[in-house]
Amino acid sequence: MDPLAEFDRHRGLLFAVAYEILGSVADAEDVLQDSWLRWSATAHDEVGNPRAYLARVVSRQALNRLRTVARARETYPGPWLPDPLPTGDDDGAADRALRTDDVTVAMLLVLETLAPEERAVFVLREAFGTGYDEIAAATGRPVATVRQIAHRAREHVRARRPRFTVPPDRARRVAEAFVGAALGGDVAALTALLAPEVVSLADGGGTVSAARRPIRGAEKVARFLVGLAARPLPGALTGAAEFNGLPAVVVRGPDGIDSVVLIEVSEVDGADLVTAVYAVRNPDKLAHL
């Protein structure tokens, strides 16, 4: 086989595995680079199933990386959010084997509450349907132990998994009205679009200005966002974007993208309302865009 062509053939799947385990584009790309080096040194004529073999290598590398970064995230300055990833028709979205339900910010934040091994097992089993024997080979755990970890992780996620999300077209309509009300300074109109328990999270990584704590409640979030929108923008505002399966707004500054704001819309008591606003401003998390 052609090792490079075979690796490229499965690259979308491999990236998706690494990203869902890590929540970081840069870390996922580093894992793919390390995995390519290992793959290129492999005796390829002894590999019966390249797809399964590569997925195992990437999973093992991603788990090792997650164990390292998990400690750093415990002392992260302010809320930690996953790197925003294009999932619509944006450049860079088409070559990645992603299911948007698996990479919404809310889902990735739920996965952050799992231990590294639990997260890897859950992603491999639930998102990609990997067999328990393959997961055992990737994690170095007995099959029986992997089954127990998968059950524990599944129950944990089921109890916290976001529910009642709405179809993309309905979410976009609410997001457009949301942005219009915020830019128009209409606190009442904006409040009417927010769920009572809405939360606003901002990730500045400690290097740029961002709220260090979550802001909760419709009125508090509305007043906060209207206040932010009243300030001069650092650059142009771009609409109609989609990141992690959510409608989003991109703010471009003179040196590139300044921030990506993702808007989560869910059905609450029969109405489509904004349930979360995620603002990613950490420059390290925007560099890949």
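Sequential numbering from 1 along the given sequence is applied to the chain's residues. Please read these numbers as outputs of a predicted model, since none were measured by experiment.
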Partners meeting side-chain hydrogen bond (donor to acceptor under 3.5 Å, both in side chains) with Arg73 (sequence neighbours left out): Glu112
Output the rest of the hydrophobic cluster of Val268: all Ile, Leu, Val, Met, Phe, Trp and Tyr residues reachable through side-chain heavy-atom contacts under 4.5 Å, sorted by chain and number. Leu273
By salt bridge (Lys or Arg N to Asp or Glu O under 4.0 Å), which residues pair with Arg212, not counting sequence neighbours? none
Residues passing the salt bridge (Lys or Arg N to Asp or Glu O under 4.0 Å) test with Arg160, sequence neighbours excluded, are none
Both conditions, 6.0 Å and 45 degrees, for the charged tip of Arg125 above the ring of Tyr132: are they met here? yes
Would you indicate whether His44, at its atom NE2, is surrounded by more than 12 heavy atoms from other residues, nucleotides or ligands within a distance under 6.0 Å? yes
Quick test of your reading: applying salt bridge (Lys or Arg N to Asp or Glu O under 4.0 Å), list the pairs with at least one residue in residues 31-45, sequence neighbours left out, ordered by first then second residue. Asp34-Arg65
Do any pairs count as a salt bridge (Lys or Arg N to Asp or Glu O under 4.0 Å) and have a residue in residues 215-225, sequence neighbours left out, and if so which ones? Glu219-Arg223
Just by modelled atom types, is the Val103 backbone N or O under 3.5 Å from a matching donor or acceptor in the Asn244 side chain? yes
Quick one: does Phe128's side chain get under 4.5 Å of Val123's, heavy atoms only? yes
Could you tell me if the side chain of Leu201 sits less than 4.5 Å from the side chain of Val277, heavy atoms only? no
Joint hydrophobic cluster, Leu108 plus Val157, side-chain heavy atoms closer than 4.5 Å: yes
Return the set of residues passing side chain to side chain contact (heavy atoms under 4.5 Å, CB included) with [X] (not counting sequence neighbours), or none when no residue passes.
X	result
Ala171	Val166, Pro247, Val265
Pro168	Arg172
Gln33	Trp36, Leu37

Tell me which one of Val261, Leu262, Val105 satisfies side chain to side chain contact (heavy atoms under 4.5 Å, CB included) with Phe243. Leu262
Please list, one pair per line, the donor and acceptor atoms closer than 3.5 Å that link side chains of residues 48-55 to other protein atoms, with sequence neighbours excluded.
from	atom 1	to	atom 2	distance (Å)
Asn49	OD1	Arg51	N	3.3
Asn49	OD1	Ala52	N	3.1
Tyr53	OH	Thr42	OG1	3.4

[atom1]/[X] to [atom2]/[Y] distance, rounded to the nearest 0.5 angstrom?
X	Y	atom1	atom2	value
Leu289	Ile257	CG	CD1	4.5 Å
Asp27	Leu32	CG	CG	12.0 Å
Leu111	His156	CG	NE2	8.5 Å
Phe7	Ser35	CZ	OG	6.0 Å
Leu193	Asp272	CG	CG	10.5 Å
Ser24	Leu85	OG	CG	10.5 Å

What pairs of donor and acceptor atoms, side-chain ones from residues 76-84 against any protein atom, are under 3.5 angstrom apart with sequence neighbours left out?
from	atom 1	to	atom 2	distance (Å)
Tyr76	OH	Asp203	OD1	2.5
Tyr76	OH	Asp203	OD2	3.2
Tyr76	OH	Asn282	ND2	2.8
Asp83	OD2	Val25	N	2.9

Let me have the donor-acceptor pairs involving side chains of residues 133-149, under 3.5 Å, with sequence neighbours excluded, atom names and distances please.
from	atom 1	to	atom 2	distance (Å)
Glu134	OE1	Arg56	NH1	3.3
Thr139	OG1	Ile135	O	2.9
Arg141	NE	Glu117	OE1	3.2
Arg141	NE	Glu117	OE2	2.9
Arg141	NH2	Glu117	OE1	3.0

Hey, are Thr275 and Glu264 close enough side-chain-wise for a donor-acceptor pair under 3.5 Å? yes
Could you walk me through whether Arg170 and Glu267 pass salt bridge (charged side-chain N to carboxylate O under 4.0 Å, His left out), step by step? CA-CA 10 Å; Arg170 287 163 53 185; Glu267 186 174 322; 3.4 Å; yes
Evaluate Glu74 against Arg71 for salt bridge (charged side-chain N to carboxylate O under 4.0 Å, His left out), listing each step before the verdict. CA-CA 5 Å; Glu74 292 175 358; Arg71 289 189 288 272; over 6 Å; no
Passes salt bridge (charged side-chain N to carboxylate O under 4.0 Å, His left out), Glu29 versus Arg11? Steps please. CA-CA 10 Å; Glu29 292 291 359; Arg11 184 179 177 85; 2.7 Å; yes
I'd like to know whether Arg161 forms a side chain to side chain contact (heavy atoms under 4.5 Å, CB included) with Arg158, so could you lay out the CA-CA distance, the side-chain angles of the two residues, the decisive distance to 0.1 Å, and finally the verdict. CA-CA 5 Å; Arg161 190 169 195 154; Arg158 182 178 295 140; 5.8 Å; no
Quick one: do Arg9 and Glu6 satisfy salt bridge (charged side-chain N to carboxylate O under 4.0 Å, His left out)? Show the steps, please. CA-CA 5 Å; Arg9 188 157 74 93; Glu6 192 67 26; 2.9 Å; yes
Determine, stepwise, if the pair Thr207 / Arg281 fulfils side chain to side chain donor-acceptor pair (under 3.5 Å). CA-CA 9 Å; Thr207 59; Arg281 300 206 64 224; over 6 Å; no
